[in-house]
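Written below as structure tokens is the structure these notes are about.
None of the values given here were measured: they were computed from a predicted structure.
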Amino acid sequence: MLYFENTAGHLEVEPTGFLRLTWHSVHTQQREGVRPLLEAALQALRDTGLERVLVDQRARLIHREEDTIWMLLDFFPRLMDQTHYRYGAYLESAEFFTRSETRHLMAEAHTRYGVPCRYFGTEDEAVAWLLKQVDK
């Protein structure tokens, strides 16, 4: 079920019990939509109480520095304080710099706030892993 969509991507609540965040194609993605998309993800997690998220970054652009700083200092602390988020499955971009940026950002978010994240090469692997995780 579609929960939210803007120029950066869209959110769906999957009937199997997880939130799916899909970044739009680099050809249509607009950087102005990053923060509203992530704010909507926070709200979706609050509304649903879901603990599991699939983040499809295969088409994502590299974030602007100011957005990366905002995520690290504002978004991730709220994610961990205001939601039940416990399991993050990330489908990585094939683009080296985007993949590197994501790994660096998520390592820092894990060190600072305990943000969980696991990387997958295929959607089937990511979904199978998410479905094995049990909500508490």
Please enumerate all residues that pass side-chain hydrogen bond (donor to acceptor under 3.5 Å, both in side chains) together with D56, with sequence neighbours excluded.
R58
So, using salt bridge (charged side-chain N to carboxylate O under 4.0 Å, His left out) as the criterion, who are the partners of E32 when residues are at least two apart?
none
Of all heavy-atom pairs between L11 and A41, which one has the smallest distance, and what is that distance?
CD1-N, 3.3 Å
What residues form a side-chain contact (heavy atoms from CB on, under 4.5 Å) with I69, not counting sequence neighbours?
E65, L73
Within-4.5 Å side-chain heavy-atom neighbours: R35 and D67:
yes
Give the minimum heavy-atom separation between L72 and P77, together with the two atoms involved.
O-CD, 3.7 Å
Qualifying residues under side-chain contact (heavy atoms from CB on, under 4.5 Å), relative to T83, sequence neighbours excluded
L42, L45, R46, L79, Y85
What distance separates E125 CD from L130 CG, expressed to the nearest 0.5 Å?
12.0 Å
Atom CD of E14 and atom OH of Y3: how far apart are they, to the nearest 0.5 Å?
15.0 Å
Rounded distance [0.5 Å steps], CD in Q57 versus OG1 in T98
8.5 Å
Taking the side chain as C-beta and beyond, is there a heavy-atom pair between L38 and L21 under 4.5 Å?
yes
Among residues two or more places apart or on two chains, list those pairs meeting ring-ring contact (aromatic ring centres under 6.0 Å, His included) that have a residue in residues 94-117.
none
Heavy-atom pair with the smallest gap, counting every atom of E123 and L91:
N-CD2, 3.5 Å
Check: D124 side chain, V127 main-chain N or O, donor-acceptor pair, under 3.5 Å
no
Trace of the side-chain contact (heavy atoms from CB on, under 4.5 Å) decision for R60 with E101:
CA-CA 11 Å; R60 184 175 70 77; E101 176 209 36; 2.9 Å; yes
Minimum-distance pair of heavy atoms, taken over all atoms of Q133 and R52:
O-NH1, 3.0 Å
Using atom types as modelled and distance alone, determine if a side-chain donor or acceptor of R118 lies under 3.5 Å from a backbone N or O of A89.
no
Minimum-distance pair of heavy atoms, taken over all atoms of F18 and T16
CE2-OG1, 3.2 Å
Do F76 and E108 come close enough that some side-chain heavy atom pair is under 4.5 Å?
no
Worked check of side-chain contact (heavy atoms from CB on, under 4.5 Å) between H24 and H10:
CA-CA 7 Å; H24 285 172; H10 65 273; 3.4 Å; yes
Results of ring pair (Phe, Tyr, Trp, His ring centres under 6.0 Å) for F120 - residues two or more places apart only
W129
Might you work through the salt bridge (Lys or Arg N to Asp or Glu O under 4.0 Å) test for E39 and R78, ending with a clear yes or no?
CA-CA 10 Å; E39 291 291 349; R78 289 185 296 131; 2.6 Å; yes
Report yes if some heavy atom in the side chain of M80 is under 4.5 Å from a heavy atom in the side chain of P116; otherwise report no.
yes
Before you tell me yes or no, could you show the steps for R99 and Y119 under side-chain contact (heavy atoms from CB on, under 4.5 Å), namely the whole-Å CA-CA distance, both residues' side-chain angles and the distance that decides it to 0.1 Å?
CA-CA 10 Å; R99 200 169 55 250; Y119 301 102; over 6 Å; no
Minimum heavy-atom separation for L19 to L50, with atom names?
N-CD1, 3.8 Å
Determine, using ring centers only, whether H63 and W23 are less than 6.0 Å apart.
yes
